[in-house]
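Proteins come first, then strands; the chains are lettered A, B, ... in the order of their sequence lines, and each starts at number 1.
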Protein chains: 4
Amino acid sequence: MSAIRRTARRADIIDAAYRCMAQHGYERSTTAQICKVAGVSSGTFFHYFPTKAAVLGAVLEDGLQRTREVFERIRDTAARDAVAALDQWREHVLDEASDENLAGFIAVLGAVPDNAEVAAALRAEAQLTREVLTELVAAGQEQGTIRTDRTPDRIGTWLGILARGVLEHAAEEGPVVRDTLGPEMTDMLIRLLRP
Amino acid sequence: MSAIRRTARRADIIDAAYRCMAQHGYERSTTAQICKVAGVSSGTFFHYFPTKAAVLGAVLEDGLQRTREVFERIRDTAARDAVAALDQWREHVLDEASDENLAGFIAVLGAVPDNAEVAAALRAEAQLTREVLTELVAAGQEQGTIRTDRTPDRIGTWLGILARGVLEHAAEEGPVVRDTLGPEMTDMLIRLLRP
Amino acid sequence: MSAIRRTARRADIIDAAYRCMAQHGYERSTTAQICKVAGVSSGTFFHYFPTKAAVLGAVLEDGLQRTREVFERIRDTAARDAVAALDQWREHVLDEASDENLAGFIAVLGAVPDNAEVAAALRAEAQLTREVLTELVAAGQEQGTIRTDRTPDRIGTWLGILARGVLEHAAEEGPVVRDTLGPEMTDMLIRLLRP
Amino acid sequence: MSAIRRTARRADIIDAAYRCMAQHGYERSTTAQICKVAGVSSGTFFHYFPTKAAVLGAVLEDGLQRTREVFERIRDTAARDAVAALDQWREHVLDEASDENLAGFIAVLGAVPDNAEVAAALRAEAQLTREVLTELVAAGQEQGTIRTDRTPDRIGTWLGILARGVLEHAAEEGPVVRDTLGPEMTDMLIRLLRP
DNA sequence: CATGAATGAGTATTCATTCAT
DNA sequence: AATGAATGAATACTCATTCAT
């Protein structure tokens with residue numbers, strides 16, 4: 001069997017797991033259900049992943065990969081123009097909040113299984129976010145567009161808190177009205193960060 | 001058996017369920033474990049609660065009761081001094097974030113079981129929070145201490161978002177350092193809300 | 001529920017497991033089958049034993065208990081009359097060889113699961129057998145009825161080997177014809193042990 | 001592909017199965033594991049053997065072949081000198097007991113799958129052993145070196161029992177100390193068989 | 001009211017075997 | 001001939017819930 005098809009199967013399962021867990025949480029998503037959604041047999045499921053927790057790990061790894069790409073671009077922008085980078089980040093947060101599945105999926109992460117891979121992926125994501133935001137704030141401070149009465153690290157932390165709040169809000173309230181939240185968030189950021 | 005003892009038993013179970021679920025999530029907290037922590041038999045457990053979901057409902061109801069009390073006081077203060085009320089609310093949020101169990105428990109709520117009682121309690125809590133915050137902001141606007149370029153409802157929503165972010169942050173990072181987060185939050189609120 | 005009934009249930013399961021495993025071996029005896037034979041549900045099975053291996057452990061523990069009783073009597077006899085004790089032991093071996101289930105059960109023990117309890121029980125049984133046989137031979141040597149050109153330990157070892165051979169023979173050939181094997185065994189022991 | 005390579009593959013699988021089963025028993029040796037040890041894919045495995053039981057059958061057939069060769073030689077010797085043949089047989093038993101894998105493999109045979117081929121091989125081995133030993137004893141009786149107060153068949157049976165005991169002993173105690181067991185066994189045989 | 005033995009549907013996972021490439 | 005992806009029946013074990021005592 002070709003490597004392409006093999007990858008496709010794997011991706012199907014990851015995708016199915018993502019959707020199931022976003023809707024019903026980790027524990028209530030049975031492997032049988034994921035198999036059904038992915039259109040594979042239980043045997044195939046365990047051919048690709050040793051345990052159910054491992055698929056969650058793969059889902060997170062996948063998400064981490066996408067986050068890395070987005071943050072890479074934000075990082076590049078920040079070096080030139082922190083305000084523009086901030087706006088990119090804001091768009092990214094709103095994108096996530098608008099993705100119905102993702103918003104639901106975040107909730108899952110409150111009750112993760114004891115699994116090294118899963119824990120590692122979560123830590124990596126948190127670490128990455130923290131790093132990039134801190135860097136972004138530091139750049140803004142140097143460029144004179146962001147207040148300097150707090151350390152980049154602390155301001156970055158609060159940006160993270162804000163993002164989490166928006167995501168949770170979206171998970172609760174359903175698909176967030178982007179047109180409302182977007183401008184409001186811009187306004188908030190200006191007030192919070194201006195020198 | 002006296003009504004007092006009956007109530008005590010019930011409270012023991014609720015408390016045990018709260019602690020178990022805060023630590024391991026809803027699904028991974030077994031009734032057996034809750035019974036053990038509460039010091040009762042499974043028979044007794046199901047004597048007081050028809051299902052496992054019902055205990056979660058009771059836990060939430062309990063929390064809602066406490067929230068009501070806190071918010072009642074905040075409401076009273078707001079009528080006279082919205083800024084002072086805001087500070088009370090901020091304290092309340094920090095209290096919650098500092099309560100290790102509660103921070104963990106919030107995470108649970110991402111993956112709740114299909115249960116009318118539970119859903120109702122959650123809705124009531126959200127509704128109450130929204131109402132009080134909106135009211136608080138409206139009062140502040142009238143008193144001239146809060147910006148008036150947005151509706152009380154929208155500003156209230158963002159306060160809610162902020163609170164959720166802090167709670168989630170606490171759940172992830174462990175017991176939050178109050179001394180750091182507290183002043184920063186005050187600063188944030190001032191920047192966000194001043195006219 | 002009374003302690004008596006509780007013990008009875010446990011005993012039922014142990015007995016069922018013993019019979020199933022004697023007939024089909026450990027791996028091929030499913031818990032479902034054992035439950036059926038014992039007349040209990042799977043829930044009850046796991047209420048009394050944490051794992052399938054644990055029942056095997058209990059079966060062995062049970063057998064060890066019976067072995068202890070038999071060997072206690074043999075030990076007592078040996079102090080006075082080693083030849084008589086030897087005959088008691090021979091009877092015991094033939095009893096075991098005649099028990100169709102037991103003969104089959106011995107075979108199981110070739111492929112035991114990795115389980116501490118099981119391993120311990122097997123070791124205890126082997127140890128006990130070795131001890132008693134060694135003691136018996138030593139007594140016979142003192143009483144002048146057993147050859148003294150080998151150590152009690154070595155002679156005891158060969159008695160053990162003989163017993164294993166008889167048991168295996170019985171497991172293969174079906175219910176052993178006691179009337180044939182009995183006298184022959186006496187003859188063998190005389191030839192092997194006389195001074 | 002040449003017949004030689006074909007045979008080699010087959011032999012590899014048989015050898016791998018032998019080693020796996022000797023170590024973990026029949027049920028606990030998975031086809032995947034055997035494939036890995038043999039260095040072939042599952043497809044190849046099932047190309048050469050229709051079922052897992054069939055490989056066990058082949059392993060036994062292989063062993064039977066080797067047994068035949070040994071016994072052929074013993075048979076030849078017996079016609080001239082039963083005592084010498086007995087010593088050859090004793091060496092053979094000790095060889096088997098010293099072979100760590102074989103000793104372990106014997107244990108497997110307690111829990112064999114329901115399979116005609118396997119059963120046939122086992123029966124053939126038992127039959128052959130019985131025949132040769134009976135013949136050997138008969139020759140010894142004619143040569144005046146073995147007691148004549150029992151039939152060759154019964155004496156042969158006891159020799160078989162003894163061999164089984166030694167094998168089981170080896171399986172339990174690990175690699176048997178040949179230097180100890182060898183002379184002792186000679187001594188036993190002399191005592192048991194002399195006229 | 002309190003207990004804990006009993007239940008059985010449900011779950012993750014294993015593994016011999018098939019078959020398209 | 002050789003591969004290894006795919007299958008799905010089978011299995012040990014969990015856990016919310018019931019009910020006789």
Side-chain angles (χ1 to χ4, degrees), chain A residues 1-3 5-6 8-10 27-35 39-55 113, chain B residues 1-3 5-6 9-10 27-36 39-55 113, chain C residues 1-3 5-10 27-35 39-55 113, chain D residues 1-3 5-6 9-10 27-35 39-55 113:
Chain A
M1 183 146 305
S2 72
R5 179 133 164 223
R6 184 183 162 102
R9 285 281 206 193
R10 218 187 103 96
E27 303 283 353
R28 295 166 65 92
S29 296
T30 67
T31 55
Q33 193 184 133
I34 296 170
C35 286
V40 301
S41 66
S42 67
T44 299
F45 180 101
F46 286 98
H47 179 68
Y48 286 98
F49 301 96
T51 62
K52 183 176 144 188
V55 213
Chain B
M1 184 147 304
S2 74
R5 177 132 165 223
R6 182 182 163 105
R9 286 278 207 194
R10 218 186 104 97
E27 302 285 351
R28 295 164 67 93
S29 297
T30 67
T31 55
Q33 191 183 137
I34 296 169
C35 287
K36 203 171 180 182
V40 301
S41 67
S42 64
T44 300
F45 181 100
F46 285 97
H47 177 68
Y48 285 101
F49 300 96
T51 64
K52 182 177 149 187
V55 212
Chain C
M1 184 146 305
S2 73
R5 178 133 164 221
R6 183 182 163 102
T7 302
R9 285 282 206 192
R10 219 186 102 97
E27 303 283 354
R28 296 165 66 91
S29 297
T30 68
T31 56
Q33 192 183 136
I34 295 169
C35 287
V40 301
S41 67
S42 68
T44 299
F45 180 101
F46 287 99
H47 179 67
Y48 285 100
F49 301 96
T51 63
K52 184 177 144 187
V55 212
Chain D
M1 182 145 306
S2 72
R5 178 134 164 225
R6 183 181 161 104
R9 286 278 207 195
R10 221 187 101 97
E27 302 285 350
R28 295 163 68 93
S29 296
T30 67
T31 55
Q33 193 183 135
I34 296 169
C35 287
V40 302
S41 68
S42 64
T44 300
F45 180 100
F46 285 97
H47 178 69
Y48 285 101
F49 301 96
T51 63
K52 182 177 148 187
V55 212

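- Taking atom CZ of B:Phe49 as the reference point, atom P of E:dA2 lies 13 Å away to the nearest angstrom.
- C:Thr44 pairs by the side-chain hydrogen bond (donor to acceptor under 3.5 Å, both in side chains) definition with C:Ser41, not counting sequence neighbours.
- When the side chain to side chain contact (heavy atoms under 4.5 Å, CB included) test is applied to D:Ser42, the partners found at least two apart in sequence or on another chain are D:Cys35.
- The CD1 atom of C:Ile34 lies 10.0 Å from the CZ atom of C:Phe49; values are rounded to the nearest 0.5 Å.
- Taking every heavy atom of both residues into account, C:Arg28 and C:Gln33 meet most closely at O-NE2, 3.8 Å.
- Checked against salt bridge (Lys or Arg N to Asp or Glu O under 4.0 Å), B:Arg10 has no partners two or more places apart in sequence or in another chain.
- In terms of heavy-atom proximity, B:Tyr48 sits nearest to B:Arg9 at OH-CB, 3.5 Å.
- Evaluation of the side chain to side chain contact (heavy atoms under 4.5 Å, CB included) rule for C:Ala8 yields no partner, not counting sequence neighbours.
- Across the protein-nucleic acid pair, B:Lys36 atom NZ and F:dC15 atom P stand 13 Å apart, rounded to whole Å.
- With sequence neighbours excluded, the residues that form a side chain to side chain contact (heavy atoms under 4.5 Å, CB included) with D:Ala32 are D:Thr30.
- In this structure, D:Arg9 does not reach the F:dA1 phosphate: none of its side-chain N or O atoms is under 4.0 Å from OP1 or OP2.
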Sugar-phosphate or base contact per nucleotide [nucleotides 14-20 of chain E; S, B, -; heavy atom under 4.0 Å]: BSBBB--

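- As rounded to whole Å, 8 Å separates atom C1' of E:dA2 from atom NE2 of B:His47.
- Residue C:Thr44 places at least one side-chain N or O under 4.0 Å from the OP1 or OP2 atom of E:dT7.
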Pairing pattern in dot-bracket form [Watson-Crick, G-U; both distances under 3.5 Å; | = partner strand] for DNA chain F: .||||||||||||||||||||

